[in-house]
Amino acid sequence: MNQRRSSVTLVLLAMAFTLASVHARADEAATTEAREDFLRGAALVKNAQWAEALAEFERSSAKRAHAVTTYNIGACERAMGRYTLARETFLRARQQNEASQGAELPQGVVTEMNGYLDEIQRLLVDVSITLDPPEASIAIDGRPIAPSSASASTFIAGVRNPGPPEKVPGKTFHVLLDPTAHVFTLTRQGYSDGVVNKSFSPGSSIALNLELNKLPATLHITSDPSNAATLIEGVDVGVTPMDLSRPAGTYLISVKKSGFLSYESRVTTQPGESANVLAKLPIEKLAITQRWWFWTGLGAVIVGGAVSAYFIALAASATRPPLNGGGLGWNVPLPP
């Protein structure tokens, strides 16, 4: 019954469009083509071929815009369950009709269109979305969302052309959706992409938290020479070269190898980024007092000095003259 009413309305509107086109100031050839597209669309509506009719009406509108054609586009979108899109189209038809001071749409059609708008408003889903992080970009069903003229914090899904996710002002906002299944896509540099599938019942209101996970950072550590022990925050993690996956942050990296001076540096990493660390280890130059041959030689010198002193003293005693025995006449013999 509803489809029959729509078919009758569209046929009547086709007649109104034909009469209005007589007075059009646009190019006559374009107007004629637009009328032919419109009549083909009206014929398709009779068989409930909504998608095909929609294409004809859109072609007609591109050649000559008219509130009647816009209304018919909205009627096809409504019949196909594209409620958010139909709502925007009906509102545009209303604006076109008001711009013509009500000359383009019969009053009966205006009343019917207002009824459709009330019906759609009851069917739409109101989703309160909270993004984490707030700077994430969002798309629904492969399309960025459009701001609503009703509120700065309300957006509409399904009315823009396909495209990548876009940022939305604020952490929490409302989105009006068709009552069906939807795919939410979120992106943010330094975070894993998020994809959420969810179905909604007609007229429902729901809160939805969408959260992205931070990507780890990668530490690519090499050294010259290689095979050096590597420590991160004092914990041994292996030898160079190596690739380590760590949460983003700042880390103290130490690289050590026997015979070389140690390397130490603090490195700050961002989510999803890679930090390259090259540790150059200079050859360690030991002080003279730290070398083995210095102490061995020094010991030999000390021992040699003691022996020399002994023999010098011994030689001196061998040439010493005999001691005078004093009044007793005793002589002290020299040691052998």
Side-chain angles (χ1 to χ4, degrees), residues 74 77-78 80-92 116-219 232-233 243-251 267-275:
E77 292 167 341
R78 169 184 171 272
M80 297 169 66
R82 301 176 181 176
Y83 297 115
T84 58
L85 201 54
R87 176 179 177 270
E88 296 299 300
T89 305
F90 284 142
L91 291 175
R92 190 167 68 253
Y116 287 159
L117 285 169
D118 291 339
E119 173 197 56
I120 290 172
Q121 193 63 38
R122 292 191 299 270
L123 290 173
L124 290 181
V125 180
D126 184 357
V127 181
S128 176
I129 297 178
T130 300
L131 295 181
D132 186 12
E135 302 82 9
S137 298
I138 183 172
I140 299 177
D141 302 325
R143 300 169 183 263
I145 57 180
S148 170
S149 58
S151 171
S153 61
T154 300
F155 295 81
I156 304 170
V159 299
R160 293 183 59 185
N161 292 329
E166 293 181 359
K167 292 183 179 179
V168 176
K171 181 177 182 179
T172 301
F173 51 91
H174 289 261
V175 177
L176 298 179
L177 300 168
D178 291 334
T180 184
H182 294 280
V183 178
F184 299 79
T185 304
L186 283 82
T187 61
R188 172 75 163 88
Q189 185 177 4
Y191 292 76
S192 301
D193 291 348
V195 178
V196 176
N197 294 271
K198 194 168 182 61
S199 297
F200 302 91
S201 302
S204 59
S205 296
I206 188 172
L208 186 62
N209 295 324
L210 300 176
E211 182 178 354
L212 293 180
N213 295 321
K214 282 187 176 181
L215 288 171
T218 301
L219 291 171
I232 297 183
E233 298 295 336
D243 287 307
L244 297 173
S245 180
R246 289 287 188 276
T250 301
Y251 297 93
V267 177
T268 299
T269 59
Q270 300 298 325
E273 294 184 355
S274 178

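Just so you know, these numbers use all the heavy atoms, side chains as well, and skip hydrogens, waters and symmetry mates. From a predicted model like this one, the values you see are computed outputs, not experimental measurements.
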With a 3.5 Å cut-off and sequence neighbours excluded, list the donor-acceptor pairs that the side chains of residues 80-88 form with protein atoms.
residue	atom	partner	partner atom	Å
Thr84	OG1	Ala157	O	2.7
Arg87	NE	Gln121	OE1	3.4

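- Applying the side chain to side chain contact (heavy atoms under 4.5 Å, CB included) rule to Ala275 yields the partners Leu219, Val267, Thr269; only residues at least two apart in sequence or on another chain are considered.
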Taking distance alone, no hydrogens or angles, what donor-acceptor pairs closer than 3.5 Å link side-chain atoms of residues 197-205 to residues at least two apart or in another chain?
residue	atom	partner	partner atom	Å
Ser204	OG	Ser201	O	2.8

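- Considering every non-hydrogen atom in both Glu77 and Thr89, the closest pair reads OE1-OG1, 2.6 Å.
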Might you work through the side chain to side chain contact (heavy atoms under 4.5 Å, CB included) test for Val183 and Ile140, ending with a clear yes or no?
CA-CA 6 Å; Val183 178; Ile140 299 177; over 6 Å; no
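- Residues forming a side chain to side chain contact (heavy atoms under 4.5 Å, CB included) with Glu273 (at least two apart in sequence, or on another chain): Gln270.
- For the pair Asp132/Asn209, no side-chain contact is recorded, criterion being any heavy-atom separation below 4.5 Å from C-beta on.
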For residues 162-177, which side-chain N or O atoms pair as donor and acceptor with protein atoms under 3.5 Å away, sequence neighbours left out?
residue	atom	partner	partner atom	Å
Glu166	OE1	Arg160	NH1	2.9
Glu166	OE2	Arg160	NH2	3.1
Thr172	OG1	Thr130	OG1	3.1
His174	ND1	Asp126	OD1	3.0

Which pairs of donor and acceptor atoms, one on a side chain in residues 184-194, lie under 3.5 Å apart (sequence neighbours left out)?
none

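- Atom-to-atom distance recorded for Leu212:CG and Glu135:CD is 10.5 Å, nearest 0.5 angstrom.
- There is no side-chain donor-acceptor pair under 3.5 Å between Ser245 and Thr218.
- For the atom pair Ile129 CD1 and Ser153 OG, the distance stands at 12.0 Å (nearest 0.5 Å).
- Annotation for Val159 and Ala146: closest pair CG2-CB, 3.5 Å, computed over non-hydrogen atoms.
- A cation-pi contact, defined as under 6.0 Å to the ring centre and within 45° of the axis, links Arg78 to Tyr116.
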